[in-house]
Amino acid sequence: MHESSAYNARMHDEGRFSIAVRLLLTANERERLLALCQQEQADVSDVVTKIIASYLDRRDDLTVAAVAEPPASPDEHSALQRHIRQLRMQASHMGTETPPWLRHYIAELEQELRGKR
């Protein structure tokens with residue numbers, strides 16, 4: 001991940017990051033993921049988060065030093081505002097076809113932006 005992209009990974013209040021990602025799954029993998037979501041009564045982002053966290057916990061060869069998140073600069077704040085505007089326009093064009101994950105992601109970014117004022 002490139003650090004200059006202010007909105008690619010954003011930290012949440014509880015010390016977690018929101019990372020926009022595109023998953024490329026086969027039809028069978030997609031159906032299995034959706035079945036798992038239904039079984040766990042959770043949305044896709046929560047299930048994928050658990051899967052990735054579990055995988056990373058098993059990888060003893062991947063260690064990193066703890067890094068403190070620097071405060072957002074005015075440029076990062078502006079970049080996040082622009083990104084939110086772009087996502088809102090995309091969601092607006094999609095209308096009722098806007099996927100729930102996109103609406104949720106926009107809401108998370110808006111909440112984060114309010115917290116950085």
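Residue indices begin at 1 and follow the sequence shown. Bear in mind that the values here come from a model prediction, so they are computed numbers and not experimental data. When reading the values below, keep in mind they use all heavy atoms of this one structure, side chains included, and skip hydrogens, waters and symmetry mates.
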Under the side-chain hydrogen bond (donor to acceptor under 3.5 Å, both in side chains) test, which residues partner E40, sequence neighbours left out?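 Applying side-chain hydrogen bond (donor to acceptor under 3.5 Å, both in side chains) to E40 gives none.
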
From [X] atom [atom1] to [Y] atom [atom2], the distance as rounded to the nearest 0.5 Å:
X    : Y    : atom1 : atom2 : value
L24  : R30  : CG    : CZ    : 13.0 Å
H83  : S78  : NE2   : OG    : 14.5 Å
L113 : I106 : CG    : CD1   : 13.0 Å
Y105 : L87  : OH    : CG    : 6.5 Å
D61  : R58  : CG    : CZ    : 12.0 Å
E31  : Q38  : CD    : CD    : 10.5 Å

Membership question, hydrophobic clusters at under 4.5 Å side-chain separation (ILVMFWY): are V21 and Y55 in the same one?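 No, no single cluster joins them.
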
Taking a hydrophobic cluster as the set of Ile, Leu, Val, Met, Phe, Trp and Tyr residues connected by side-chain heavy atoms closer than 4.5 Å, whether directly or through intermediates, do M89 and L102 fall within one such cluster? no

Shortest non-hydrogen pair, E112 vs L80, comes out as OE2-CD2, 4.3 Å

Kindly give the heavy-atom pair with the smallest separation between R103 and T98, and that separation in Å.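 In terms of heavy atoms, the two residues are closest at NH1-O, 2.7 Å.
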
Indicate yes or no: at least one non-hydrogen side-chain atom of P99 is less than 4.5 angstrom from one of M94.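 Yes, close enough: below the 4.5 Å cut-off.
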
R88 side chain to S92 side chain, donor-acceptor N/O pair below 3.5 angstrom: no

Please determine, by modelled atom types, if N28 and T26 share a side-chain donor-acceptor pair under 3.5 angstrom.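 No donor-acceptor contact under 3.5 Å links the two side chains.
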
